[in-house]
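The sequence lines fix the lettering, A, B, ..., with proteins before strands; numbering per chain opens at 1. For clarity, every value in this text was computed on a predicted model and none was experimentally measured.
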Amino acid sequence: MFRIVEARFLAPEVKLFRIEAPRIARKRLPGQFVILRVHDHGERIPLTLADSDPAAGTITLVVQGVGRSTRLLNALEAGDTIPDVVGPLGKPSVIEKVKTVVVIGGGLGTAIAYPTAKAFHEAGSHVISIIGGRSRAYVILEDEVRAVSDRVIVTTDDGSAGAKGFVTERLAEVIQSDPRPDLVLAIGPIPMMRAVAEVTRPVGIATVVSLNPIMVDGTGMCGGCRVIVDGKPRFACVDGPEFDAHQVDFQILTQRNAMYRAQEKTALESPPPAAASTAEVPAGSPGEPHDCRMVRAIPELDGVWRTCPTPPTAPVSGS
Amino acid sequence: MAHVPHASDCPRLRFLIRTAIPTTTFTPMSHPLSPKDRMKIPRQPMPEEPPCERAHHFLEVNRGLDAAVAQREALRCLECKSPRCVSSCPVGVKVREFVGLVVAGDYLGAAAKIREDNVLPAVTGRVCPQETQCEGACILGNKGESLAIGYLERFVADYEIRTGQTGLPARAPLTGKRVAIVGSGPAGLSCAGDLAQHGHEVTVLEALHEIGGVLVYGIPEFRLPKDIVRGEVANLERLGVSFRTNVVVGPSVTLDELMKEEGYDAVFVATGAGLPIFLNLPGEHLCGVYSANEFLTRINLMKAHEFPAYDSPVYDCRDRDVMVFGGGNTAMDAVRMARRLGARTARIVYRRSAEEMPARAEEAKHAHEEGIEFLYLTAPLEFVGDAQGRLTSVKLQRMELGAPDASGRRSPVPIPGSEHELPLQVAIIAIGNRGNPLVPGSTPDLRTTRHGYIIADPESLKTSKRGVFAGGDIVTGGATVILAMGAGRKAARAIHEFLVSGSW
């Protein structure tokens, strides 16, 4: 069990968590992720680490509530626990001192880009950060990013904060200005990363993106997270998650991420009554429903969960 | 005294195990039949769920013998002076002795006898390829059918679970030595059990959230109920083994840190192969193309077939055409699982013929009975998808058998002009695994082969790094549960020797 020590909303549906996980906190490097399960029947979801504090033994995650699992996670508060957190997984960002680096964070991507910006800053690079969001409320971690950047450009789609427009427009300006950046790191929604790649490709500036395919185990065992990079299949969990933006096939990534769209909709909108398959199995021993957290977040699910067979009592050694 | 929960407390487990407990007690006796009479008894068949029903549920196919049938089967044993069944068992189960105890009606004693050499009898009784090991060596097989050792093993193991009186072996006095085992699959569990008996302090580290490795994520419920695995894990806990989930050795903690900072005296690496091989064909990225590992993990571990009661989804197989590429046991598991998920057609596509197919005969037979179609001598060329990137069909090619290749099997040769296309919505690739890179990648002084398998001495299982042993699929490549368990035992012996002598 992993205890949450801090939980607060940064933007609508976007929540920051500090979680006790000393082992992960000690090893985490920028660019790495964890996989967690929110409850006993939960799926394994990958989330990139936003920060860690080895002294306090905590890791920081920033979560956007989009699907069932992330919304459930966002219903948790300080003091609650998460049953499974595993990591740090994936290869860390390659941080080497370059003269000028542009770090682009789109929406939630800012939280993931922040540790890398910090690392480049500490390595002595000139860091230009471009952070964007739909509107002022969706621009997150601005102060944190400011502290590790030499220059910060804020953009919003509606102009409610910073310049109106997309991060790519600001990037095009930065590229024209002096000094010309040596490296661009872009993290955010797939269309944004794809657009950034197209801005830097003609001028030949090295560009890195952090990909977010669907994963199960996160250790290379299932191959579900395969992405096409330079025409070859690569596993984002062990070969990535960061890849050369100019070589990534974003269309295939988009299509694979939409693989379970119908089920995701089902999960969110209309939890059906108890699944038929559970009815064939004799009901589990009576007792507390194994996780009331689910019900707290999505009250409609109450009936479903109470009829699920309870998993066998956790074995204990001795008495 | 507080009630200690046991696997048999679970109502589901009680439902699954249909072993009858005899009401009369048997007294030990000498063998009641002459060898001639023993050979007149036919091999007792395994009762099975009817194919038409089991293709629609996830309950175990083999129901298990009841006591009377097990007795009759056990009576067939000729009690050889030097039993070949024992020497051909990778873990050396004392077959003759445990079968004798079954004849005598001492089922718990029989189970305890197996446990002396095998920490997972209820598992191996179900998934071992006995026909190539103990039963393959049985002298009865020369003239007729061999003794059903696997059925008997399963019978006594289930009997033990049913009664809740597990005859755990005694544990030697604590030695104060600590061993970390990386991976909780069959190799790791078997090694843990043996080392704990030697009195060492054993901690098993598992990357996933559940203990059991391939036994929980790979082998389906209908071949190996997960409650059986949990029960065996609980027995190991009683033996003093501790388990830690959510630890990926490599990224979370390295081998060096385990030994230098966390004070482990030795480490056994048993991570399994765990890096699926794909066919490297056009269209393999399409939605609906899975590795067998992913397909089986989504269902066995994540319970995707019970979506949305469980959160993980899997591609809807209902009224879809499903093909599994490959001919091993994993391919059989995947295709039979697809059938149970409601596939319209569930087919095996294998590029050689039935004769070369590596799957166990029993698995292929069960698959046939469940309406699985086999496309032998056929190989895929390309996966075709629609505008949304979803798999719609596959281009295939017929093969014929040519000269034997390096493996000794006749190699398939394409027949020109035999290309054809079939509709397909779900493809599952089951052609094996390479070595997982996480442990070797974080341990520079650990030597590996070019396929990523760890190099270990075949006898002592010592690696190139002092204090580190490796065994199971991460050394041999994909094999069977019992071979992994054999490696676990071997490692336990070598580790014990190393801990006692201190010499490498």
Side-chain angles (χ1 to χ4, degrees), chain A residues 23-24 27 32 37 41-44 68-69 83-90 216-224 226 228 233 235 238 249 251-252 255-256 258-260 262-264 266-267 271-272 274-275 277-278 280-285 304-305 308-309 312-319, chain B residues 1-7 9-13 15 57-58 207-209 217 227 230 233-234 237-238 240 242 245-248 251-253 272 274-276 278 280 284-288 290-291 293-294 297-298 302-303 305-313 315-316 388-390 436-438:
Chain A
R23 216 186 251 282
I24 304 172
K27 305 284 282 193
Q32 291 187 302
R37 251 174 24 121
H41 288 194
E43 59 186 334
R44 295 171 64 91
R68 174 140 112 180
S69 296
D84 301 293
V85 182
V86 60
L89 299 167
V216 183
D217 62 292
T219 63
M221 191 269 285
C222 83
R226 59 194 190 278
I228 305 297
F235 291 0
V238 290
D249 190 323
Q251 190 188 349
I252 288 174
Q255 288 174 342
R256 284 189 64 82
M259 194 160 166
Y260 301 107
Q263 284 97 327
E264 283 160 12
T266 310
S277 55
T278 59
E280 292 170 11
V281 176
S285 48
V304 181
W305 292 93
C308 284
T313 324
V316 292
S317 43
S319 56
Chain B
M1 196 177 120
H3 173 68
V4 179
H6 183 269
D9 296 342
C10 172
R12 190 181 158 109
L13 188 71
F15 176 74
H57 64 57
F58 295 85
L208 292 171
H209 56 268
Y217 77 72
D227 292 327
R230 282 189 209 108
V233 170
E237 286 189 316
R238 288 181 204 186
S242 50
T245 52
N246 297 316
V247 180
V248 191
S252 304
V253 58
L275 193 73
F278 284 90
N280 223 352
E284 216 164 12
H285 62 267
L286 292 165
C287 300
Y290 286 102
S291 73
N293 286 2
E294 181 182 3
T297 301
R298 281 185 177 272
M302 308 308 298
K303 311 268 178 261
H305 59 292
E306 296 192 33
F307 177 89
Y310 283 76
D311 289 350
S312 290
Y315 227 58
D316 196 346
Q388 282 79 48
R390 291 171 178 267
N436 189 285
L438 292 179

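Between L208(B) and the options D217(A), T219(A), V86(A), a side-chain contact (heavy atoms from CB on, under 4.5 Å) holds for only D217(A).
Put simply, of S242(B), P437(B), C287(B), the one with the most heavy-atom pairs under 4.5 Å next to chain A is C287(B). When each of N280(B), V247(B), T245(B), N293(B) is checked for heavy-atom pairs under 4.5 Å with chain A, N293(B) comes out on top. In terms of heavy-atom pairs under 4.5 angstrom with chain A, the leader among P276(B), A207(B), G274(B) is P276(B).
Side-chain contact between P308(B) and R68(A): present, with at least one pair of heavy atoms (C-beta onward) separated by less than 4.5 Å. Within the 4.5 Å cutoff, side-chain heavy atoms of R44(A) are placed close to those of H209(B). A heavy-atom distance below 4.5 Å is found between the side chains of L275(B) and F235(A).
The two atoms that bring C222(A) and S291(B) nearest to each other are O-OG, 2.5 Å, heavy atoms only. Listed here is the closest heavy atom pair of N246(B) and P83(A): ND2-O, 3.9 Å. Of all the heavy atoms in P88(A) and P251(B), the pair that sits closest is O-CB, 2.9 Å. Between F278(B) and G223(A) the shortest heavy-atom distance is CZ-O, 4.1 Å. Across every non-hydrogen atom of E43(A) and S312(B), the tightest pair is CB-OG, 3.1 Å.
Here the CG-CE distance, from L438(B) to M221(A), works out to 11.5 Å after rounding to the nearest 0.5 Å. If you take CZ on R256(A) and NE2 on H285(B), they are separated by 8.5 Å, rounding to the nearest 0.5 Å. Atom-to-atom distance recorded for T266(A):OG1 and F307(B):CZ is 5.0 Å, nearest 0.5 angstrom. Atom CG of residue D311(B) and atom CZ of residue R37(A) lie 9.5 Å apart, to the nearest 0.5 angstrom. Expressed to the nearest 0.5 Å, how far CD of Q263(A) lies from OH of Y315(B) amounts to 9.0 Å. Atom CE in M259(A) sits 9.5 Å away from atom CG in L286(B) (nearest 0.5 Å).
Only the backbone of A258(A) comes within less than 4.5 Å of a heavy atom in chain B; its side chain stays farther off. Contacts between T297(B) and chain A at a heavy-atom distance below 4.5 Å involve the side chain alone, from C-beta outward. For I252(A), the part lying under 4.5 angstrom from a heavy atom of chain B is the side chain only.
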